[in-house]
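Written below as structure tokens is the structure these notes are about.
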Amino acid sequence: MILVVFGAPGVGKGTQAELLSKRRAIPHLSTGAALRQAIAEKTGLGITAKEFVEAGRLVPDEIVTGIVKETLEHDEYKSGCILDGFPRTKAQAEALDAILQAQGRAVSCVINVDVKSDEIVRRMLNRGRQDDTEEIIRERLAVYENSTFPLLEYYKQRGKLCTVDGNSDVEEVYGKIEKVINNL
Ligand code: ADP
């Protein structure tokens with residue numbers, strides 16, 4: 001099963017993806033977490049990614065797609081994966097389709113976690129991550145609107161989209177996601 005947990009920055013994708021991964025024993029890949037780790041370790045990838053992440057901009061498609069391709073080719077990910085924070089652009093969605101097709105599989109479902117925008121800003125300011133200052137949050141939300149939001153249509157057209165109301169507490173949202181998965 002290849003699940004994509006999708007949504008604006010701060011909707012709680014990471015929290016839900018982690019819970020799903022633990023409770024369903026499906027490996028999880030967060031491109032944001034992978035990039036933050038590379039930045040902390042000052043690897044070549046981290047040095048390149050740093051300026052983009054810290055400006056709230058998207059890291060170039062080739063770089064992020066490379067991380068995903070490499071991960072999905074590991075044995076550990078052969079039985080399935082929960083993707084969190086990827087794809088974020090149409091080019092990434094197309095690259096993901098091509099990677100999976102070459103492996104004889106496809107995206108099972110895109111779970112769109114939908115949260116009101118004032119709640120999103122509140123959650124991100126509470127979280128206090130380094131890229132969660134008001135200015136960078138504003139930039140990330142704009143990038144989401146312009147580059148990522150249009151992907152909802154991409155997956156809707158392919159019959160892969162399921163939207164879940166993310167305005168309630170973690171367990172309640174999780175329950176809704178479980179229901180979606182159980183119906184796949
Ligand atoms: P959030 O859950 O708040 O959206 P993430 O941890 O997913 O945060 O991402 C943090 C940052 O990492 C993004 O603002 C972006 O700079 C970079 N990033 C993560 N995933 C991608 C991606 N798929 N393509 C490009 N940049 C990405």
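Atoms within a ligand are numbered from 1 in the order they appear, just like the ligands themselves. The structure presented is a predicted model; accordingly, all values stated were derived computationally and were not measured.
Between R129 and D131 there is a salt bridge, since at least one side-chain N of the basic residue sits less than 4.0 Å from a carboxylate O of the acidic one. Residues R88 and D61 are not paired through a salt bridge, judged by the lack of any N-O separation under 4.0 Å between the basic side chain and the carboxylate. In summary, E135 and R138 do not engage in a salt bridge, as defined by a charged side-chain N under 4.0 Å from a carboxylate O.
Taking the six-membered ring for Trp and thresholds of 30 and 60 degrees, Y144 and F149 have ring planes more than 60 degrees apart, a perpendicular arrangement.
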Atom pairs and distances, side-chain donor-acceptor, residues 95-106, under 3.5 Å, sequence neighbours left out:
{"from": "D97", "atom 1": "OD2", "to": "Y154", "atom 2": "OH", "distance (Å)": "2.5"}
{"from": "Q103", "atom 1": "OE1", "to": "R105", "atom 2": "NE", "distance (Å)": "2.9"}
{"from": "Q103", "atom 1": "OE1", "to": "R105", "atom 2": "NH2", "distance (Å)": "2.9"}
{"from": "Q103", "atom 1": "NE2", "to": "L72", "atom 2": "O", "distance (Å)": "3.2"}
{"from": "R105", "atom 1": "NH1", "to": "Y77", "atom 2": "O", "distance (Å)": "3.0"}
{"from": "R105", "atom 1": "NH1", "to": "K78", "atom 2": "O", "distance (Å)": "3.1"}
{"from": "R105", "atom 1": "NH2", "to": "L72", "atom 2": "O", "distance (Å)": "3.3"}
{"from": "R105", "atom 1": "NH2", "to": "Y77", "atom 2": "O", "distance (Å)": "3.2"}

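For the 3.5 Å distance criterion, the side chains of N167 and D165 qualify, holding a donor opposite an acceptor.
Near ligand 1, residues P9, G10, K13, T31, G32, L35, R36, V53, R57, L58, V59, V64, G85, F86, R88, Q92, R127, R129, D131, R140 each place a heavy atom inside the 4.0 Å sphere around the ligand atoms.
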